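Read through the structure below, which is laid out as structure tokens, and then see the notes.
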Amino acid sequence: MNDRTTTASAEPGDDVTVAGWAHEIRDLGGIAFLIVRDKTGKIQVKFEKDAMDDELVETGTEVARESVVSVTGAVEEEERAPTGVEIVPDSVEVIAPADPELPLDPSGKVDAELPTRLDNRTLDLRREEAKAIFEIRAEVLRSAREAFRELGSTEITTPKIVATGTEGGTELFPITYFGQEAFMNQSPQLFKQLMVGSGLERVFEIGPIFRAEEHNTPRHLNEATSIDFESAFIDHEEAMDACEQVVRAAYEGVAANCADQLDTLGYDDFEVPDEAFPRLTYEEAIERINATGELDTQLVWGDDLPTEGEKALGTDVGGHYFVTDWPSEIKPFYIKDYDDETELSTGFDLMAPNMELVSGGQREHRYDQLVEGFEAQGLDPEAFDYYTKMFRYGMPPHAGWAIGGERLVMTMLDLPNIREAVLFPRDRQRLSP
RNA sequence: GCCCGGGUGGUGUAGUGGCCCAUCAUAUCACCCUGUCACGGUGAUGACGCGGGUUCAAAUCCCGCCUCGGGCGCCA
């Protein structure tokens with residue numbers, strides 16, 4: 001395949017071999033066109049029936065759509081061709097024929113519903129729009145990694161098979177580990193904290209997390225990609241600065257490197273957020289939600305923000321924003337409370353703007369307070385000994401956060417369903433493919 | 001976990017008790033067509049998720065099952 005030329009790089013005057021999929025055949029009688037599609041685009045192959053070998057014409061014009069073909073011939077400039085060039089073939093080979101009845105139409109003439117598309121993801125990703133989402137997703141991850149390196153963090157990977165959950169409460173997928181009870185990890189939280197106490201100090205991880213909640217919404221997955229950051233010697237304010245930097249880098253990377261993909265998806269007005277993300281306290285947030293009048297009942301201090309309230313506030317603010325200073329009781333035990341106001345947590349969320357995108361905070365690094373926190377949440381500190389004991393050997397003050405990777409792509413591209421941002425989503429109903 | 005809504009040819013749809021041996025588009029098959037670019041024309045094949053019930057009559061109403069989507073809770 002070394003001699004293969006991509007459709008985009010075929011220049012007039014060249015003798016080339018292109019390989020790709022039979023996108024469409026237009027047979028006009030005496031002349032017929034085969035459109036070959038590859039990763040880089042499409043090119044037209046011309047068959048003038050009277051002037052060409054019958055077998056060549058037959059192979060090229062009777063091949064089933066979506067079959068893999070290889071075409072060798074001369075590239076000619078032709079203004080009537082869709083791309084300005086076309087191939088006059090010397091030979092056509094059908095490398096892998098496709099069944100004539102396709103489970104969905106990659107040419108996009110007829111829409112398919114999401115479940116049909118997910119059942120046939122390979123064919124779905126032959127469509128430019130679906131392909132563009134995953135090229136953008138790759139750019140988001142690339143630019144996030146670059147931003148993390150600029151922040152001086154080291155990329156780590158932590159175990160996904162664990163003996164105990166992170167936060168208790170949350171549903172975990174149980175598995176059997178050589179006869180022992182184990183779980184799929186819901187978050188790298190505890191492990192990344194252990195690493196800020198190591199010589200690495202500042203770390204990030206991009207990896208899968210597993211949640212066994214039986215929710216069924218367009219914004220939840222049971223297997224998601226978490227973009228985690230944790231650093232020694234920073235507080236929650238500095239953690240928010242870092243978070244903003246990484247989110248912004250992802251937008252900048254996409255704006256700079258994915259113009260074609262954005263165009264394919266119809267975004268002619270893709271914008272990198274230009275202002276610093278506003279930081280609202282929890283108290284300000286519930287006041288503003290109450291002021292919108294969108295909710296039937298008024299929120300009071302201590303309530304978690306209901307979905308409806310998040311949407312109302314998101315519309316009110318109109319962009320990304322942080323919510324800070326939460327009541328301690330609705331944030332997990334490993335988040336530190338303010339020293340002078342122990343009923344207030346340093347935990348924060350980043351809203352994007354209608355959905356929670358990030359959660360983070362300054363962590364409790366003091367051994368005694370951490371163990372108290374476990375007990376207060378009804379967890380047995382003994383079960384987390386591998387974690388707590390390291391807080392006895394010099395654990396620095398630290399803070400961090402986690403971005404929902406798919407939610408970042410979803411909110412960035414305004415996708416109607418988070419499953420659009422995962423190749424093979426795992427949700428309540430779907431375990432295959 | 002609680003609550004709502006949907007399943008009609010390969011794909012996407014019309015259809016609200018008789019006008020339905022089921023509409024339209026696209027795909028597929030056959031024939032015609034020398035510049036298509038959503039090519040065009042003629043014809044053909046192909047479907048009511050499964051099971052039970054109500055009724056003279058069921059795609060349509062009822063019950064159960066399967067399956068999919070969504071809302072809330074919770075969360076990334």
Side-chain angles (χ1 to χ4, degrees), chain A residues 23-35 42-52 57 61-62 64-66 78-84 86 98-120 123-124 166-167 169-171 186-189 206-228 243 247 303-311 330-332 349-352 355-360 401-411 416-419 421-422 427-430:
Chain A
H23 183 70
E24 205 161 23
I25 292 148
R26 298 201 189 92
D27 190 339
L28 278 64
I31 192 169
F33 303 102
L34 164 68
I35 314 297
K42 303 188 198 80
I43 197 163
Q44 176 166 288
V45 182
K46 173 176 70 174
F47 295 90
E48 283 184 299
K49 295 183 184 174
D50 290 345
M52 286 180 173
V57 171
T61 61
E62 290 182 15
R65 291 157 77 231
E66 297 306 316
E78 172 54 71
E79 63 177 19
R80 291 171 293 183
T83 58
E86 64 187 9
D99 278 354
E101 253 180 15
L102 302 168
L104 62 78
D105 172 21
S107 77
K109 282 181 201 161
V110 181
D111 290 338
E113 292 199 345
L114 189 56
T116 306
R117 292 171 42 213
L118 294 176
D119 285 340
N120 301 280
L123 293 182
D124 186 41
T166 303
E167 288 142 69
T170 311
E171 293 291 319
Q186 67 167 115
S187 159
Q189 182 63 36
I206 299 177
I209 56 169
F210 305 90
R211 310 249 162 130
E213 299 288 346
E214 294 195 38
H215 33 44
N216 193 214
T217 79
R219 61 187 184 282
H220 286 98
L221 293 165
N222 293 294
E223 177 176 356
T225 307
S226 186
I227 302 174
D228 271 87
C243 177
V247 170
D303 288 343
D304 209 340
L305 303 188
T307 303
E308 205 185 341
E310 288 178 348
K311 285 177 183 166
I330 55 178
K331 283 289 168 188
D349 288 353
L350 176 66
M351 306 298 297
M355 178 184 325
E356 188 176 336
L357 180 64
V358 175
S359 77
W401 40 259
I403 303 178
E406 285 79 15
R407 286 195 177 179
L408 179 56
V409 175
M410 178 189 185
T411 53
N417 192 309
I418 198 165
R419 295 166 181 86
V422 199
D427 63 33
R428 181 68 194 88
Q429 320 292 349
R430 185 171 289 275

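Below, chains carry the letters A, B, ... as their sequence lines are ordered, and counting in each starts from 1. Keep in mind the model is a prediction, meaning the values are calculated, not measured.
Using a 4.0 Å heavy-atom cutoff across all strands shown, A:D349 reaches no nucleic acid atom at all. When heavy atoms are screened at a 4.0 angstrom cut-off, A:L221 is found touching base atoms of the nucleic acid. A:R419 comes within 4.0 angstrom of sugar-phosphate atoms only, judged by non-hydrogen atoms across all strands, and of no base. If you check every strand for non-hydrogen atoms under 4.0 Å, A:E66 touches nothing. Backbone-only engagement by A:D111 is indicated by non-hydrogen atom pairs under 4.0 Å involving sugar-phosphate atoms exclusively. Looking at heavy-atom distances under 4.0 Å, A:K331 makes no contact with the nucleic acid at all. Using a 4.0 Å heavy-atom criterion, one finds that A:Q429 contacts the sugar-phosphate atoms exclusively. Residue contacts for A:D304: at a heavy-atom cut-off of 4.0 Å it reaches the sugar-phosphate backbone alone, with no base atom in range.
Of the candidate nucleotides B:G12, B:A76, B:G70, B:A76 has the atom nearest to the side chain of A:A224.
Judged by distance alone, the side chain of A:T217 and the main-chain N or O of A:R219 form a donor-acceptor pair under 3.5 Å. Counting only distance, with no hydrogens or angles, the side chain of A:R65 and the backbone of A:E24 share no donor-acceptor pair below 3.5 Å. Of the possible donor and acceptor atoms, one in the side chain of A:E78 sits under 3.5 Å from a partner among the backbone N and O of A:R80. Side-chain N or O atoms of A:K49 include one that pairs as donor or acceptor with a backbone N or O of A:G29 at under 3.5 Å.
At a threshold of 4.5 Å between non-hydrogen side-chain atoms, the residues A:R430 and A:N222 do not count as touching. Between A:H220 and A:I418 there is no side-chain heavy-atom pair separated by less than 4.5 Å.
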Evaluation steps, side chain to side chain contact (heavy atoms under 4.5 Å, CB included), between A:R407 and A:M355: CA-CA 8 Å; A:R407 286 195 177 179; A:M355 178 184 325; 3.7 Å; yes

Worked check of side chain to side chain contact (heavy atoms under 4.5 Å, CB included) between A:E62 and A:I25: CA-CA 8 Å; A:E62 290 182 15; A:I25 292 148; over 6 Å; no

Worked check of salt bridge (charged side-chain N to carboxylate O under 4.0 Å, His left out) between A:D349 and A:K331: CA-CA 11 Å; A:D349 288 353; A:K331 283 289 168 188; 2.9 Å; yes

Summary of protein contacts for nucleotides 23-28 of chain B, nucleotide by nucleotide, where a base hit scores B, a sugar-phosphate-only hit scores S (4.0 Å, heavy atoms): ---SSS

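One P atom belongs to B:U26, the other to B:U67, and the distance between them is 35 Å to the nearest Å.
A:N417 has a side-chain polar atom (N or O) that falls below the 4.0 Å cut-off from OP1 or OP2 of B:G70. Contact between the side-chain N/O atoms of A:T307 and the OP1/OP2 oxygens of B:G73 is found at a separation under 4.0 Å. Using a 4.0 Å cut-off, no side-chain N or O of A:R117 falls inside it from OP1 or OP2 of B:C68. The phosphate of B:A76 (OP1 or OP2) has no side-chain N or O of A:S226 nearer than 4.0 angstrom.
If you check B:C61 for Watson-Crick or wobble pairing at under 3.5 angstrom, you find it paired to B:G53. Both distances falling under 3.5 Å, in either a Watson-Crick or a G-U wobble arrangement, place B:G1 opposite B:C72. In this structure B:G17 sits in no base pair that meets the Watson-Crick or G-U test at under 3.5 Å. In a base pair of the Watson-Crick type (N1 to N3 plus N6-O4 or O6-N4) or a G-U wobble (N1-O2 and O6-N3), with each distance short of 3.5 Å, B:C29 is matched with B:G43.
Between A:R428 and the choices A:E214, A:E223, A:E171, the salt bridge (charged side-chain N to carboxylate O under 4.0 Å, His left out) rule is met once, by A:E214.
When all heavy atoms of A:P82 and A:Q44 are compared, the closest pair comes out as CD-OE1, 3.2 Å. Among all heavy-atom pairs drawn from A:F47 and A:L34, the shortest one is CE1-CB, 3.7 Å.
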All N/O pairs under 3.5 Å across the protein-nucleotides 46-50 of chain B interface:
none

Every protein N/O within reach of nucleotides 35-37 of chain B N/O, cut-off under 3.5 Å:
residue, atom, partner, partner atom, Å
B:G35, O6, A:K46, NZ, 3.0
B:G35, N1, A:E86, OE1, 3.4
B:G35, N1, A:E86, OE2, 3.1
B:G35, N2, A:Q44, NE2, 3.3
B:G35, N2, A:E86, OE1, 2.7
B:U36, O2, A:R26, NH1, 3.3
B:U36, N3, A:Q44, OE1, 2.7
B:U36, N3, A:Q44, NE2, 3.4
B:U36, O4, A:Q44, OE1, 3.2
B:U36, O4, A:Q44, NE2, 2.9
B:U36, O4, A:R80, O, 2.5
B:C37, O4', A:R26, NH1, 3.4
B:C37, O2, A:P82, N, 3.4
B:C37, N3, A:R80, O, 3.0
B:C37, N4, A:R80, O, 3.1

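Mapping A:A112 and A:E406 onto RNA chain B via the closest heavy atom, the residue that lands nearer the 5' end is A:A112. Along RNA chain B, the nucleotide nearest to A:P306 and the one nearest to A:S359 differ in position, and the one closer to the 5' end is contacted by A:P306.
In this structure, NE2 of A:H220 is placed 10 Å from P of B:G73, rounded to the nearest angstrom.
Note that the OG1 atom of A:T116 and the CG atom of A:L104 stand 7.5 Å from one another [nearest 0.5 Å].
Between the side chain of A:R219 and the base of B:A76, no donor-acceptor pair under 3.5 Å is found.
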